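In what follows, every chain begins at residue 1, and chains take the letters A, B, ... in the order their sequences are listed. This structure is a prediction, so every number in the text was calculated from the model and none was measured.
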Protein chains: 2
Amino acid sequence: MTARRAASARATINDVAAVAGVSRGTVSRVLNSEAYVSEAARLAVTDAISQVGYVRNSAARNLATRQSHAVGLVVHEPHSLFLEDPNIGSILLGINSALSDADYQLVSLVIDSERDSHRVAEYLSGGFVDGVIIVSARAHDPIAEVVAELGIAAAFVGHPVDIEGIPYVGIDNFSAAKAITTRLKETGRRRIGMIAAGLDRDSGQDRMAGFRAAMGDDFDPELVITTPLYAHTSGVDGMRLLLDRAPDVDGVFAASDAMAAGVLDVLREVGRSVPGDVGVVGFDDSAWATRAQPPLSTVHQPAGQLGRRAAESVLAQLRGETVDTAGIFLETAIVWRDSA
Amino acid sequence: MTARRAASARATINDVAAVAGVSRGTVSRVLNSEAYVSEAARLAVTDAISQVGYVRNSAARNLATRQSHAVGLVVHEPHSLFLEDPNIGSILLGINSALSDADYQLVSLVIDSERDSHRVAEYLSGGFVDGVIIVSARAHDPIAEVVAELGIAAAFVGHPVDIEGIPYVGIDNFSAAKAITTRLKETGRRRIGMIAAGLDRDSGQDRMAGFRAAMGDDFDPELVITTPLYAHTSGVDGMRLLLDRAPDVDGVFAASDAMAAGVLDVLREVGRSVPGDVGVVGFDDSAWATRAQPPLSTVHQPAGQLGRRAAESVLAQLRGETVDTAGIFLETAIVWRDSA
DNA sequence: GCATATTCTGGGAGCGTTCCCAGAGTCGAT
DNA sequence: ATCGACTCTGGGAACGCTCCCAGAATATGC
């Protein structure tokens, strides 16, 4: 077990104290940048630390403080989340960045949905993590309910849920939808349709409301096609229906890039040029947008910031601050590419 | 600080011992399923555990064992990895699954490339993780070099690298490329071209070699276009070049789905039907494949297994087993969709 | 100059485990 | 009966840190 020997050879706080000529307590105070340490002592300690190559043992610290200094990222229903959410990577990076700034670790909590919520509760209450971030929770999410019940520091990123007392970070879907629709109008489009989806959630409702607000008097309910899913096929079906209803349509706002890609496919099929005959815009700024032909104009989500802010909220709760549970809405930006 | 009080109210091993009427040592033995525990004692302990709701304190255990029971997933150059690798999500899930089976935690080690390798070394030698998994390392990867130097339990998933002594898990690019090309021939294609990429790595070389092997006497070096990147634009440029050289081409093997999508775009542009006039196959079975028009026939990578096997290798090293550093190659499968 | 507040330091105690040694109990062979 | 080997158990001693108390050193006010 050379590995174990090597590990135990690591310098401890006592080694640092000995080299610096101070006590354990003083080293600890320097490490945690507490007050009441003389400048001379601080210098001696920092010198000693680099001299002996000291690295703090997090297990010992966690044991003594009764905190794990870790925040969990709950990943339930793994496949849909990791494989479909276009922004998950950036969100994760944002979370990690905020966490490591505060000397916290990100641990992945992949929850197997077949296991009951008791197991989840055990995990969460077991001290493995001090707080938790939940991405894209659904309504009546069992994990979210456990978190709320346990009163653990937590934050949602993505869509607001029906659980009180847990802050969330999202985007202002209404304003974003309104803005991109307005710009569509400003490019001269008159008969603008929308392919809406996810109306069982606030995000979906808000996108539709934003569209409606932007259209003002020009709003024609006939031109709004509602579909359940944000999927590519929904875009295809929706666009076919829209063309049936309004052959003279010259603009389309699809509530996701995936749907917008479907819209594009249908338009190509029927021989309408984009953006010549019809302007098309999407939502998400996911990989669909850049891969589409032509590349989609769409609403960019500040995914990294979404993650970062959620992490910061958890961190604030951990510091004992009372955070606003009303939710944080981040600004979106419109990316103009070639489709409109 | 109610949270802290709640946390300290957790049952400890002593509480369990008291309820079970045995000693601390016996409880620990049961917890770690060691030998030399009477059936009566074991039963009493397990009963007591569920009675008091005991959850093991990992910090204390980590401190005592000098192990973190965590494995890090090194994420360097965050964006390219998380946002571009089509299989990263599944790999992560596979890793996590193997790790949690063995009671290990996955911690995300996002390395900011601006920080020097000393910091990485500190992280790795700091006892935060017992082992490390590196996805898609590049040649002369500084982190990989640090890992090799430190002798930490580690594994690569994806491409083999030029570093000795660290096992990796990948796919057999040669056989996969050969297989899909063979099937392309079997569908009656005669003039088959290839858009190759990434020839500076084994994976790229192997895919090209597999193509060549499958073509046998029909191999025509003129029909192999080499490009540096696996990108969509490489596919577009490559296909244009290929059409110039061989207008009669009736089959194309692109070394990635992204490139195959580019190939498709060019063929549509020039009015060739797929798979009618030209059969097209890709590699990866990424989201590109299903989103393409028509959906791509391609080589499926067992991404989840890739992650799982890498994690298992690290776990084996941690158990002190000597693992084969020659590399593990997993079987691929060909997915037939509509493009060939 | 003295009392008092403030800054700084040392080190005991404890966090909840595992490790390991010593000893008690059990069993079969002599 | 006696011995040795094996099975099982209890509990002291770490692991490396933080917390906190007591006391020393220094600054401040009268």
Please give, in whole Å, the distance from [N] [atom2] to [X] [atom1]?
X	N	atom1	atom2	result
B:Asp103	C:dT18	CG	P	11 Å
A:Asn62	C:dC15	CG	P	16 Å
A:Leu63	D:dC19	CG	P	12 Å
A:Arg66	C:dC15	CZ	C1'	6 Å
A:Arg24	C:dG11	CZ	P	9 Å
B:Asn57	D:dC17	CG	P	17 Å
B:Phe128	D:dC17	CZ	C1'	13 Å
B:Tyr36	C:dT26	OH	P	17 Å

Given [options], which nucleotide is nearest the side-chain atoms of [X]?
X	options	value
B:Val22	D:dC19, D:dG10, D:dC15	D:dG10
A:Arg29	D:dC19, D:dC20, C:dT18	D:dC20
A:Ala60	D:dT18, D:dG16, D:dC15	D:dG16

What nucleic acid atoms does A:Ala59 come within less than 4.0 Å of, heavy atoms only: base, sugar-phosphate, or nothing?
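A:Ala59: no heavy atom of the nucleic acid under 4.0 Å.
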
For a quick check of understanding: with a heavy-atom distance under 4.0 Å over all strands, which category does A:Arg56 fall into, base, sugar-phosphate or nothing?
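Sugar-phosphate only.
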
N/O donor-acceptor pair under 3.5 Å between [X] side chain and [Y] backbone:
X	Y	result
A:Asp15	A:Thr12	yes
A:Ser28	A:Arg24	no
A:Thr46	A:Leu43	yes

So which of A:Val146, A:Leu124, A:Asp130 actually passes side chain to side chain contact (heavy atoms under 4.5 Å, CB included) with A:Ile152?
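Of the listed residues A:Val146, A:Leu124, A:Asp130, the side chain to side chain contact (heavy atoms under 4.5 Å, CB included) partner of A:Ile152 is A:Leu124.
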
Which residue lies more 5' along DNA chain C, comparing A:Val37 with B:Glu34 via nearest heavy atoms
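In this pair, the answer is A:Val37.
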
For B:Glu39 and for A:Val27, find the nucleotide of DNA chain D with the closest heavy atom, then tell me which residue's nucleotide is more 5'.
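That would be B:Glu39.
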
If the cut-off is 4.0 Å, is [X] near the phosphate of [N], judged by side-chain N/O to OP1 or OP2?
X	N	value
A:Asn14	D:dG16	no
B:Ser38	D:dC8	no
B:Thr26	D:dG10	yes
A:Ser23	C:dG10	yes

Atom CD1 in A:Ile49, atom CZ in A:Arg56: separation rounded to 0.5 Å?
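Separation between the atoms: 9.0 Å.
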
